Structure formats: C-alpha cells, structure tokens
Peer 1: 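The structure follows.
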There are 2 protein chains.
Amino acid sequence: MKNSDAAIALSALAHDKRLEIFRLLVKRGPEGYAAGVIAGKLGIPAPTLSFHIKELDRAGLVGARQDGRFIHYSANFVAMRKLVDFLTDHCCSLADESCTTDCLPAAQPARRKRA
Amino acid sequence: MKNSDAAIALSALAHDKRLEIFRLLVKRGPEGYAAGVIAGKLGIPAPTLSFHIKELDRAGLVGARQDGRFIHYSANFVAMRKLVDFLTDHCCSLADESCTTDCLPAAQPARRKRA
DNA sequence: TTCATATTTCCAGTAATATGAAAATGTGAA
DNA sequence: TTCACATTTTCATATTACTGGAAATATGAA
C-alpha cells in the first residue's frame with residue numbers, strides 16, 4: 001500500500017459522519033445497508049450522505065451492490081485490514097532492545113457463529 | 001473512545017506528510033526523533049513540520065520529550081492501538097452467519113529482540 | 001553576556017473540503 | 001406510458017486546512 005493511498009483512506013474516515021457511516025457498515029457485515037437506510041439511521045440528508053459515501057467509495061473502503069432501486073453499501077474489510085497493517089507496519093523495526101511495545105491488539109479471528 | 005476523538009486522530013493522520021511522520025515514529029520506537037531530524041529525513045521546512053507535529057500531538061498520537069535544545073517526538077502506541085480497535089470494533093456484530101470476515105490481521109506481538 | 005542552534009508562532013495567500021436545496025437520473029410498479 | 005421513489009449531480013456558499021518566509025522564543029555553549 002502506498003503512503004498516498006493510505007492518506008486518501010484516512011481522509012475518507014477523517015470526518016465525524018463518514019466515520020459513523022463506516023463503523024455502521026463494519027458492524028453490519030457483508031450485507032450492508034441501502035443508502036437511504038444509512039441516511040435515516042444517522043440523520044443525514046440524502047445529498048450529504050451521497051457526497052460522503054462517494055468519498056468512502058473513492059478511497060476503496062466501501063463497496064456498492066445495486067438491488068432494484070436500492071444501492072446497498074458495505075464495508076470493504078480487506079481494505080480496512082490493509083489500512084490497519086499500513087499504520088502499524090514495521091513497528092519498532094528501527095528501535096533497540098528498549099522497544100517492548102505491543103504493536104497490535106490481540107487478533108479477533110473470524111466470527112464462526114457457533115460452528 | 002469517542003467517535004469524535006477517533007475522527008480527530010484520523011484527521012491528524014489524513015495528510016501525506018503527517019502520515020509519513022507518524023509511520024517514521026512508529027518504526028523508530030519509544031526513543032523517537034528530534035524535530036529537526038524528522039524535518040531533515042522527510043524534507044519538510046521547520047515551520048511546516050512544527051504545524052504538522054502539533055496536529056499529531058493534539059490528536060494524542062505522539063508524545064514529546066525535551067532534551068536540551070532538542071525535542072524528541074515519538075509515537076503513542078497506546079493511542080494507535082485504541083484507534084485501530086475503534087475502527088474494527090464490533091466487526092460484523094450485526095451480521096448473520098454469512099459473515100466470515102477476518103476483522104483483524106494476525107497480531108504482531110511485542111518484539112522481544114532475541115530475549 | 002553574547003552567540004549559535006532548535007523549535008515554534010505569526011501571518012497572509014492559496015487551496016481544499018463541507019453543506020444542502022434544487023434539479024437530474026435511474027429503477028421498478030401500475 | 002405515467003408515476004413514485006431512491007439516489008446522485010449540480011451549484012453557490014461557507015468553512016477549514018496547508019504552506020513557508022520572517023520573526024519570536026528557548027536552550028545550551030563560549
């Protein structure tokens with residue numbers, strides 16, 4: 001991942017409403033929500049939501065799936081992980097013995113809902 | 001962590017130069033670099049660097065340690081982890097069986113450099 | 001003190017982003 | 001077709017952020 005691409009992704013997330021949108025979609029999982037549902041849940045006018053969603057899309061953080069008149073948006077989990085990797089990459093690689101920092105939290109493995 | 005605080009942290013990282021600065025400090029570890037060293041390594045004029053470092057500081061992503069005339073800046077690893085946690089938190093918690101997404105990469109445990 | 005260096009603050013010009021009403025587009029139902 | 005609805009685009013305005021020269025501040029050396 002390039003520094004400039006990561007900065008674009010971070011810019012996309014660096015906004016209260018867009019961050020709320022993204023986290024809502026992360027919680028939701030692959031199914032996603034229709035644009036109007038997101039707008040309703042977060043109290044955002046449609047044009048404003050569209051503007052923000054486009055930012056997230058441009059950064060590759062969400063995917064879109066058309067379903068009749070609805071467009072369902074969902075989080076791009078691979079992109080999310082790449083971004084997290086980029087931020088934490090090579091943690092302490094230039095440090096000496098003194099670096100005892102845990103560079104990532106304990107992994108949350110895939111959810112295998114009761115089998 | 002509050003949504004607004006995370007957005008502030010993401011805003012701080014959402015800039016090419018600041019992202020370079022932060023990643024340099026993440027690699028460097030707790031010792032950090034003096035402001036002038038960062039400016040030199042990344043080719044940033046001192047006032048511009050100071051402006052950007054202040055942004056990172058305001059977001060709590062870096063710490064400062066005065067050493068004579070030098071000020072050493074280092075990454076705040078706890079803040080970094082909190083931010084990553086926030087982004088990935090409750091991943092797929094609203095999803096059904098279909099959610100087989102790995103929500104975080106394999107953990108990189110603390111570096112214990114050959115004991 | 002006086003000087004040199006490290007860093008920050010001030011400032012003004014420039015650029016980028018956010019907002020939402022109104023209009024346009026796309027899609028399926030009647 | 002015609003209609004109703006979902007979503008996006010356009011557009012004008014408002015707000016915020018970026019940049020780096022010049023000046024100010026802080027610290028230690030001579």
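Order of the sequence lines sets the chain letters (A, B, ...), proteins ahead of strands, with each chain counted from 1. The model shown is predicted, which means the values in this text are computed figures rather than measured ones. For the numbers below, each heavy atom of this structure counts, side chains included, while hydrogens, waters and symmetry mates do not.
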Peer 1: Are A/Cys92 and B/Phe77 side-chain neighbours, meaning at least one heavy-atom pair lies under 4.5 Å?
Peer 2: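 Yes, their side chains come closer than 4.5 Å.
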Peer 1: Tell me if a side-chain donor or acceptor on A/Ser93 pairs with a main-chain N or O of A/His90 at a distance below 3.5 Å.
Peer 2: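 Confirmed, A/Ser93 side chain pairs with A/His90 backbone.
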Peer 1: Under the 3.5 angstrom rule, does the side chain of A/Arg18 hit a backbone N or O of A/Ala12 as a donor-acceptor pair?
Peer 2: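 Between the backbone of A/Ala12 and the side chain of A/Arg18 there is a qualifying donor-acceptor contact (under 3.5 Å).
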Peer 1: Let me spell it out: for each of A/Arg69 and A/Arg18, pick the nucleotide of DNA chain C with the closest heavy atom. Which residue's pick is nearer the 5' end?
Peer 2: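 The answer here is A/Arg18.
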Peer 1: Please work out which residues in residues 31-52 of chain A have a non-hydrogen atom less than 4.0 Å from an atom of DNA chain C and list them by number.
Peer 2: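 Contacting residues: A/Pro45, A/Pro47, A/Thr48, A/Phe51, A/His52.
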Peer 1: Output the rounded distance in Å from CD (A/Gln66) to P (D/dA6).
Peer 2: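 In whole Å, D/dA6 P and A/Gln66 CD are 13 Å from each other.
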Peer 1: By nearest nucleotide on DNA chain C, pick out whichever of A/Ser11 and A/Gly68 is the more 5' one.
Peer 2: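 Closest to the 5' end, via its nearest nucleotide, is A/Ser11.
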Peer 1: With a 3.5 Å distance limit and no angle check, can you tell me whether A/Arg81 reaches the backbone of A/Asn76 through a side-chain donor-acceptor pair?
Peer 2: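 Pair absent, no side-chain N/O of A/Arg81 close to backbone of A/Asn76.
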Peer 1: For A/Phe70 and D/dA4, what is the distance between atoms CZ and P respectively, to the nearest whole Å?
Peer 2: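 The distance from CZ of A/Phe70 to P of D/dA4 comes to 16 Å, rounded to the nearest Å.
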Peer 1: Distance check needed: D/dC18 C1' versus B/Glu55 CD, whole Å only.
Peer 2: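 Rounded to the whole Å, the gap is 10 Å.
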Peer 1: Is there a side-chain contact between A/Lys54 and the phosphate of D/dT9, meaning an N or O under 4.0 Å from OP1 or OP2?
Peer 2: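 Indeed, a polar side-chain atom of A/Lys54 lies that close.
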Peer 1: Are there more than 12 heavy atoms of other residues, nucleotides or ligands under 6.0 Å from atom NZ of A/Lys82?
Peer 2: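 Not buried by this count: 12 neighbours or fewer within 6.0 Å.
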Peer 1: For chain B and DNA chain C, what are the first and last nucleotides along the strand, 5' to 3', with at least one atom under 4.0 angstrom from a heavy atom of the protein chain?
Peer 2: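 Endpoints of the contacted stretch of DNA chain C: C/dA4 to C/dT9.
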Peer 1: How many angstroms lie between atom CG of A/Asp16 and atom NE2 of A/His52, to the nearest 0.5 angstrom?
Peer 2: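 It is 9.5 Å, given to the nearest 0.5 Å.
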Peer 1: Please report, rounded to the nearest Å, how far the P atom of D/dA6 is from the NE2 atom of A/His72.
Peer 2: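 My rounded result for the distance is 12 Å.
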Peer 1: Are the charged groups of B/Glu20 and B/Arg23 less than 4.0 angstrom apart, N to O?
Peer 2: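 Salt bridge absent between B/Glu20 and B/Arg23.
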Peer 1: Nearest whole angstrom, please: distance from the C1' of D/dT19 to the CG of B/Asp16.
Peer 2: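 Interatomic distance, CG of B/Asp16 to C1' of D/dT19: 14 Å.
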Peer 1: Grab the CZ-C1' distance between B/Arg58 and D/dT16 for me, whole Å please.
Peer 2: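 Roughly 11 Å, once rounded to whole Å.
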Peer 1: Test the A/Arg65-A/Tyr73 pair against the cation-pi criterion, namely NZ or CZ under 6.0 angstrom from the six-membered ring centroid and within 45° of the ring axis.
Peer 2: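 Not flagged: A/Arg65 not positioned over aromatic ring of A/Tyr73.
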Peer 1: Which heavy atom in A/Ala95 sits nearest to a heavy atom in B/Gly29, and how many Å separate them?
Peer 2: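 Result for this residue pair: CB-CA, 4.0 Å.
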Peer 1: If we call it a pair only when both distances are under 3.5 Å in a Watson-Crick or G-U wobble match, what pairs with C/dT7?
Peer 2: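 Matched C/dT7 with D/dA24 under the 3.5 Å cut-off.
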